[in-house]
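Residue indices begin at 1 and follow the sequence shown. Heavy-atom basis, side chains included; hydrogens, waters and symmetry copies ignored.
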Amino acid sequence: MKRKLTPKQQRFADEYIKSGNAYQAAIEAGYSRNYAKAQSSKLLENVGIKSYIDERMAEIASKRIMDAREAVELLTRIARGEEKETVISSTPEGVYESQKEADLKTRISAVKEILKRYPGDDRLVKAQIRKAESEADIAESKAKLLRGGKDNRQVKTDEYLEGLKAILKDE
C-alpha cells in the first residue's frame, strides 16, 4: 500500500530533489527553522518520503539519461551526416551562425564506435572466437584427464594439445 504524503511532506521531497539540501528543503516546504535544523534528516528517513523521492529520481533519470539505443542512434546520425552542429564565424562585417554536418574525422569516429558494438563479419573477431573455443577444448580435455585418465591417454592428449597450440600459433 502506497503511503499518502501530506502536502508539506511532498513539497519537502520536491524541494529536496531540486537542491539536495534537506535543511533548506524543509524551510522551503514551510517547516520552521528550528524544526528544519533538528528534524530535516529524520524527514529523509520517513518511508513514504523516501519512496516518493526514489520514484521521482527514477523518473527523472529515465527521462534525462540517454540509453544505449539513443546513443547508437545519435552515432548513426553523425556517421550519416544527418546531425548538424552550429558554427559561429566572425568576419569584419559581423558574426554569423551556420549549421554544418560533422567533418569526416568525426563521422569515421562515430562509425568506429558503432562497429565496436556490432562487430559483424570481422575476421579478427572470428579468429579470436576460434582461439577461445580451442583453448576451452584444451582445458576440458585436461580436466577429463585429471578426473581419471590413464598415463597412456595423458601422453597422447598432451601430444595432441601441443599440436593444437602449434596450429593456433600459425594462425
Are the side chains of [X] and [Y] in touch, meaning some heavy atoms are under 4.5 Å apart?
X     : Y     : answer
Glu97 : Thr86 : yes
Tyr35 : Leu43 : yes
Tyr96 : Thr91 : yes
Leu44 : Tyr16 : yes
Arg33 : Ile27 : yes

Please give me the minimum heavy-atom distance between [X] and [Y], naming the atom from each residue.
X     : Y     : result
Ala29 : Phe12 : CB-N, 3.4 Å
Ser51 : Gly48 : OG-O, 3.1 Å
Glu83 : Ile78 : CB-CG1, 3.9 Å

If hydrophobic clusters are built from ILVMFWY residues whose side chains come within less than 4.5 Å, do Val72 and Ile108 share one? no
Exam field: side chain [X] to backbone [Y], donor-acceptor pair closer than 3.5 Å:
X      : Y      : value
Lys8   : Leu5   : no
Thr106 : Ala102 : no
Gln9   : Thr6   : yes
Arg11  : Glu28  : yes

| Cation-pi geometry met for Lys37 and Tyr23 (6.0 Å, 45°) | no
Output, in order, the C-alpha distance, side-chain angles, deciding distance and verdict of salt bridge (charged side-chain N to carboxylate O under 4.0 Å, His left out) for Arg80 and Glu101. CA-CA 9 Å; Arg80 290 180 176 160; Glu101 64 184 44; over 6 Å; no
Separation between CZ (Arg77) and CZ (Arg107), nearest 0.5 Å, reads 13.5 Å
In this structure, CG of Leu75 is separated from OG of Ser109 (nearest 0.5 Å) by 8.5 Å
* To do: Starting from the C-alpha separation in whole Å, work towards a yes-or-no answer on side-chain contact (heavy atoms from CB on, under 4.5 Å) for Lys100 and Glu85.
  => CA-CA 6 Å; Lys100 76 169 195 110; Glu85 62 180 296; 4.0 Å; yes
Please determine, by modelled atom types, if Tyr52 and Gln10 share a side-chain donor-acceptor pair under 3.5 angstrom. yes
For this session: Please determine if Glu133 and Arg130 form a salt bridge, counting it only when a charged side-chain N lies under 4.0 Å from a carboxylate O.
Result: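 Here Glu133 does not pair with Arg130 in a salt bridge, since their nearest N and O are not under 4.0 Å apart.
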Quiz item: Between Asp54 and Lys50, is there a side-chain N and carboxylate O pair less than 4.0 Å apart?
Solution: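 Counted as a salt bridge, because a side-chain N and a carboxylate O are separated by less than 4.0 Å.
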Query raised in the report: Run the salt bridge (charged side-chain N to carboxylate O under 4.0 Å, His left out) check on Glu45 and Lys42 step by step: do they pass?
Result: CA-CA 5 Å; Glu45 294 171 10; Lys42 292 216 189 290; 5.1 Å; no
Neighbour count above 12 (heavy atom, 6.0 Å) for Lys105 NZ | no
- Near Lys112 NZ, under 6.0 Å, is it more than 12 heavy atoms from other residues, nucleotides or ligands? no
